There are 2 protein chains.
Amino acid sequence: MKSIEPTIKADDVAQPRAGEKILRVARDLFYRQGIRAIGVDEIVRRAGVTKPSLYRSFPSKDELAASYLRQYDLEFWARFDAAAAAHPGDPRAQIAAFLTRIGKRTQNPDYRGCGMTNAAVEYPEHGHPARVVSEANKQELRRRLRTMATALGANDADTLGDGLLLLIEGAYISGQLFGAGGPAKSVARNADLLIEASLKK
Amino acid sequence: MKSIEPTIKADDVAQPRAGEKILRVARDLFYRQGIRAIGVDEIVRRAGVTKPSLYRSFPSKDELAASYLRQYDLEFWARFDAAAAAHPGDPRAQIAAFLTRIGKRTQNPDYRGCGMTNAAVEYPEHGHPARVVSEANKQELRRRLRTMATALGANDADTLGDGLLLLIEGAYISGQLFGAGGPAKSVARNADLLIEASLKK
DNA sequence: AGGTATACGTACCGATCGGTAACATTGTCA
DNA sequence: TGACAATGTTACCGATCGGTACGTATACCT
């Protein structure tokens, strides 16, 4: 029998599908300028497609924003897992690696913080598609940080995990508020101090 | 000669001026739902005035947002100074008082974070009237925290001051992200751990 | 009483918002 | 060749956006 092949052939290097182009542009604009600040007209214009194409690929702008965040979520955990994989079995080094990288990224002049965090600020109403993705991401981050704090042998693992989360969120925000030279560059150092204090007997 | 009296007599308890009503309503709506999410029509409707009244009192919506933040700034420093005044000469207790109060406020179910921080997220472009107010507030907060860290006798006062700022910003954000029971409730405890670690010889 | 300044309301502006209907065009595969 | 799926084209929708021209009411002072 004949195998059912995908519509796009592997050796086909032709232009990506409209939906992909849209998501790619939307991701860039949403992150840099905010979701509410960008209209669908600008997205389709910069993507070189037309508005009906957007609404064939995404049911609404809100769902497009949610798709952007779902992609952001994947990339976020890829970075997180990469930091962890660099120091297997050493949660303290894993955290240091992850936070050092965050601290470096915040020094980038056009750093705009965490797309998840920003989306939650833009959409405070519960149940909004974008916020749902954002909240799930943060809940999972909290869970993992608490798990790592437990593995560290902290006196109060939940408090330490939450403290690390506060430092991370603070770095996201102050990174975009202060720009280079801001408080976010000390996030890894402060996290290490906090860990140290949490291990005292 | 006759003294020039203000137009409003002191014993006049009549309805507040349109500008005041507008700012009062705008403050509430901007904080709870975000600045971009609220249109000027809704503001004037809820304030019981008309649109021209808004534009007689404020040159633009952006300037109205800046006015909202300037008022927010005053109230913020009032809270900050109150916490400091409660423990004169004891910066550690001052910080603990301020952060304990933040931690409590974040547990309020309709907590929406820091209006300054939220505005900066909504308006990433430099020079925007709202962002200008927000950035000035944060710069001053950073300065004061570093000063307090110095007074504490920290090994590295700038790092500790910045660490406290990260925890505070993290509390603002996670307070609105997680709601009650979130990481923000541990902000005072984590700050104290961080201070402890920064005083070690 | 009349002048004058202040405060406010009615009605409107062009632009943009998110979203859609109807139809033409393209490329791919059977 | 002929069917199909994907995309483009054009034009449009009602609602809302931030902002304004212009007339009216009120209150105080002379």
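Just so it is clear, the values below take in all heavy atoms, side chains as well, and ignore hydrogens, waters and symmetry mates. As the structure is a prediction and not an experimental result, all values here were calculated from the model. Within every chain, numbering begins at 1; the chains are lettered A, B, ... in the order of the sequence lines, protein sequences first and strands thereafter.
- Judged by distance alone, with hydrogens and angles left aside, the side-chain atoms of Asn190(A) form a donor-acceptor pair with the main-chain N or O of Thr159(B) at under 3.5 Å.
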Letter by letter from the 5' end, nucleotides 8-20 of chain D scores (B base, S sugar-phosphate only, - none; protein heavy atoms under 4.0 Å) BBB------SBBB
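- Look at CG on Leu54(A): it is 13 Å from C1' on dT20(C), rounded to the nearest Å.
- Regarding Phe58(A), its CZ atom lies at a distance of 13 Å from the P atom of dG19(C), rounded to whole Å.
- Within the structure, the salt bridge (Lys or Arg N to Asp or Glu O under 4.0 Å) test picks out the following pairs touching residues 77-94 of chain A (sequence neighbours left out): Asp81(A)-Arg144(A), Arg92(A)-Asp192(A), Arg92(A)-Glu196(A).
- If you take CG on Leu199(B) and CG on Asn155(B), they are separated by 7.0 Å, rounding to the nearest 0.5 Å.
- For residues 106-123 of chain B, the set of pairs meeting the salt bridge (Lys or Arg N to Asp or Glu O under 4.0 Å) definition, not counting sequence neighbours, is empty.
- Between Arg45(A) and Asp41(A) there is no salt bridge, since none of the side-chain N atoms of the basic residue sits less than 4.0 Å from a carboxylate O of the acidic one.
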